[in-house]
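Encoded as structure tokens, the structure appears first; notes follow it.
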Amino acid sequence: MSLYIKTREVAAMETLRIVGGRELRGSIATPGAKNSCLKLLAMSIMASGKCVISNVPRVTDVETMCQLLEALGARVSFTGRTEVTVDPTTIASAAPPDPLVRKMRASVQVLGPLLARFGEVKMPYPGGCAIGSRPIDLHLRGLSAMGAQVSEEHGYIMVRASRLVGTDIHLDFPSVGATENLMAAACLASGTTIIRNAAREPEIVDEQNFLTRLGADIRGAGTDTIKIVGVSELGSTNYSVMPDRIQAGTYMIAAAATRGDVTITGVVPEHLDALAAKLAETGVAVIYTEDCVRVAMGDRPGPIAVKSMPYPGFPTDLQAPIAAYLTVSRGTSTITENIFSNRFRYVDELARMGAHIGVDGRTAIIRGVNELTGARVVAPDLRAGAALIIAGLMARGETTLDGMEHVYRGYDDIQGKLAACGAEVEIVTDSASAAVAEQ
Ligand code: EPZ
């Protein structure tokens with residue numbers, strides 16, 4: 001049984017048709033966070049019993065991770081819409097298969113857990129969104145500092161360590177993935193590991209909470225120094241994934257962009273502070289009540305400067321969505337991308353809709369226009385896809401978006417949620433091709 005109902009091939013046959021100009025009004029519930037859930041699934045490899053993970057988002061990357069765990073020998077089952085049970089006790093292989101690893105970047109997150117459990121891992125370099133060079137040197141250097149032997153053979157990474165040894169690791173950059181891999185691996189190492197200049201993203205706190213429930217001894221997630229005292233075994237647990245701050249943030253921007261009034265429920269307000277501050281600077285009313293955030297806007301945005309930074313800075317994953325919103329600002333806005341080297345691939349697509357954006361190195365300069373006009377566009381990656389949907393919602397006339405398979409990697413029923421708030425959106429399927437793909 002599958003969590004997600006479409007194969008990626010079928011998703012690739014789909015186009016989102018958007019008739020722009022409708023204000024979004026209503027409320028949207030926040031699903032569980034893809035970027036935490038993927039890691040919790042990977043970390044469940046180290047458990048000695050079943051892990052029942054709830055509030056799982058229905059996105060294709062989660063499905064890919066479940067397939068990867070199954071390919072290793074785990075038993076993975078789905079209950080209801082959002083609960084996954086992983087029984088890792090049947091895992092027999094520490095060599096994840098190429099096609100699944102190449103499908104997404106997050107597959108590298110099985111490296112630390114597999115090494116901790118089996119003492120040896122062989123895997124190819126991971127794939128993922130084309131948003132710039134994405135090396136894994138920090139993951140490998142950290143494991144090597146913990147005593148692992150790392151080598152490359154015929155395009156495969158080979159990592160071996162009968163048991164990792166705790167040590168002091170200083171990351172050159174607060175990499176989210178490296179922090180997560182090393183934190184996981186250190187749980188079953190002998191002695192104490194300290195990760196300095198660690199990433200401080202909320203997902204890392206969620207993972208610390210999950211690992212702690214499994215019996216790990218970790219402190220400091222959410223700060224730049226994480227201390228892990230190795231234990232000999234982890235147990236089993238039930239755990240609910242944290243809310244997805246990037247999906248919530250995307251809907252906040254969509255609400256502002258359509259000059260609507262939307263309440264996003266089930267959020268952790270402090271996770272959205274950087275975005276809320278930037279939206280407020282453009283003139284948006286952002287009102288928090290407990291775990292809800294209401295976003296209301298009645299005008300074109302004022303121009304602003306946005307710089308993506310590691311958490312608690314402005315998230316790189318919302319850089320493209322906010323750029324789409326700023327295409328109609330009353331002046332010139334700038335966006336500086338400090339995390340990834342090539343995350344402006346949406347610019348040419350927005351230009352087809354009438355946006356005026358120039359890119360100079362890491363900075364995009366957006367000269368606001370009165371309005372966008374609908375066009376046929378293609379999502380080059382996940383968050384760029386979200387940006388183009390926002391642009392389509394704002395634009396005059398009809399937009400058709402291809403490349404929906406990227407969007408489904410990280411958004412849980414985006415068209416249904418937008419339609420419920422008044423957007424005119426529909427999925428159009430090339431049914432002849434889809435039928436072939438299903439076979
Ligand atoms: C995670 O990617 C997220 N992915 C990304 O979300 C997110 O954009 C990113 O963190 C930053 O917040 C998942 O959680 C699955 P990094 P990750 O390691 O872990 C360089 C989305 O749209 N680097 O913090 O890969 C790297 O090249 C995705 O949901 C090294 O140089 O991010 C990049 O420039 C996209 N060597 C920077 O650090 C390394 O060994 C940040 O990467 C590792 C990273």
Side-chain angles (χ1 to χ4, degrees), residues 31-43 57 59-62 64-65 68 101 103-112 125-145 150 157 159 169-184 195 197-207 224 241-242 244-250 271 274-275 307-321 336-343 345-346 362 379-387 406-412 414:
K34 168 192 79 114
N35 285 348
S36 181
C37 184
L38 291 170
K39 323 305 168 59
L40 302 186
L41 289 165
M43 289 172 182
V59 298
T60 49
D61 272 7
V62 165
T64 303
M65 182 60 86
L68 200 156
V101 174
K103 251 186 182 174
M104 72 175 175
R105 166 80 180 181
S107 55
V108 76
Q109 301 306 144
V110 300
L111 178 58
Y125 277 93
C129 274
I131 52 179
S133 137
R134 297 178 78 180
I136 56 166
D137 56 314
L138 300 175
H139 303 235
L140 298 178
R141 287 206 327 248
L143 293 174
S144 170
V150 179
I157 315 157
V159 189
I169 298 168
H170 187 106
L171 295 177
D172 288 348
F173 181 86
S175 154
V176 174
T179 302
E180 294 163 333
N181 241 333
L182 298 173
M183 187 169 93
I195 307 173
N197 198 26
R200 292 184 284 163
E201 268 65 5
E203 290 74 16
I204 290 168
V205 178
D206 207 36
E207 291 140 19
D224 62 6
V241 181
M242 65 174 270
D244 192 320
R245 62 195 172 97
I246 305 301
Q247 291 196 64
T250 303
H271 293 174
L275 171 64
K307 292 181 183 174
S308 66
M309 303 280 278
Y311 189 84
F314 190 91
T316 171
D317 292 346
L318 291 175
Q319 180 263 102
T336 307
E337 171 56 49
N338 289 311
I339 309 295
F340 291 106
S341 56
N342 185 17
R343 220 173 186 184
R345 291 173 70 226
Y346 58 85
R362 287 190 169 270
D381 63 64
L382 165 57
R383 306 302 171 188
H406 295 295
V407 176
Y408 295 142
R409 294 182 62 171
Y411 288 91
D412 182 330
I414 190 167

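Order of appearance sets the numbers: ligands from 1, and atoms from 1 within every ligand. Numbers here are sequence positions counted from 1.
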Nearest non-hydrogen contact to atom 44 (C) of ligand 1 from the set Gly142, Pro126, Ser175 belongs to Ser175
Taking only heavy atoms of Leu138, which atoms of ligand 1 are found under 4.0 Å from at least one of them?
36 (N), 39 (C), 40 (O)
May I ask you to decide if Val59's main-chain N or O and Asp412's side chain share a donor-acceptor pair within less than 3.5 Å?
no
Of the listed options (Asp172, Asp244, Thr316), which comes nearest to atom 11 (C) of ligand 1 when hydrogens are ignored and any heavy atom counts?
Thr316
Identify, by atom number and element, the atoms of ligand 1 in contact range of Ile136, meaning under 4.0 Å from any of its heavy atoms.
39 (C), 40 (O)
Donor-acceptor contact below 3.5 Å, side chain Asn338 vs main chain Met309:
no
Please confirm whether Lys39 comes under 4.0 Å of ligand 1, counting heavy atoms of the residue only.
yes
Out of all atoms in ligand 1, which are within 4.0 Å of some heavy atom of Phe173? Include the element for each.
37 (C), 38 (O), 41 (C)
Which atoms of ligand 1 sit under 4.0 Å from any heavy atom of His139?
40 (O)
Donor-acceptor contact present, side-chain Gln247 to main-chain Tyr411, <3.5 Å:
no
Short N/O distance, under 3.5 Å, between Ile339 and ligand 1?
yes
Where the closest heavy atom to atom 5 (C) of ligand 1 is concerned, which of Thr179, Leu318, Asn342, Asp317 has it?
Asp317
Backbone N or O of Lys307 within a donor-acceptor pair of the Thr336 side chain at under 3.5 Å?
no
Tell me, please, which residues at least two apart from Asp224 pass side-chain contact (heavy atoms from CB on, under 4.5 Å).
Arg200
What's the shortest heavy-atom distance between Thr179 and Ala199, and which atoms?
OG1-N, 3.1 Å
Are Gln319 and ligand 1 in contact, using a heavy-atom cut-off of under 4.0 Å?
no
Can a donor-acceptor pair be found, under 3.5 Å and without considering hydrogens, that links the side chain of Asn181 to the backbone of Val108?
yes
So is there a nitrogen or oxygen of Arg343 less than 3.5 Å from a nitrogen or oxygen in ligand 1?
yes
Proximal atoms of ligand 1 relative to Lys34 (non-hydrogen, under 4.0 Å)
21 (C), 29 (O)
Taking 4.0 angstrom as the limit and counting only heavy atoms of Leu382, give me the atoms of ligand 1 inside it, by number and element.
22 (O), 29 (O)
Tell me whether ligand 1 is touched by Gly410 - counting only heavy atoms on the residue side and a distance under 4.0 Å.
no
Numbered in order shown, the ligand 1 atoms found under 4.0 Å of a heavy atom of Ala106 are 15 (C)
Applying salt bridge (charged side-chain N to carboxylate O under 4.0 Å, His left out), run through Glu337 and Arg343 and close with a yes or a no.
CA-CA 7 Å; Glu337 171 56 49; Arg343 220 173 186 184; 5.3 Å; no
Which atoms from ligand 1 have a heavy atom of Gly177 less than 4.0 Å away?
18 (O), 19 (O)
Using the rule given for side chain to side chain contact (heavy atoms under 4.5 Å, CB included), can you reason through Glu203 versus Val176, listing the C-alpha separation, both sets of side-chain angles and the distance that settles it, and then say yes or no?
CA-CA 9 Å; Glu203 290 74 16; Val176 174; 5.7 Å; no
Can Glu203 be said to touch ligand 1, with heavy atoms closer than 4.0 Å?
no
With Ala42, which residues qualify under side-chain contact (heavy atoms from CB on, under 4.5 Å), at least two apart?
Met65, Gln109, Val110
Side chains of Ile339 and Gln319: does their closest heavy-atom pair fall under 4.5 Å?
no
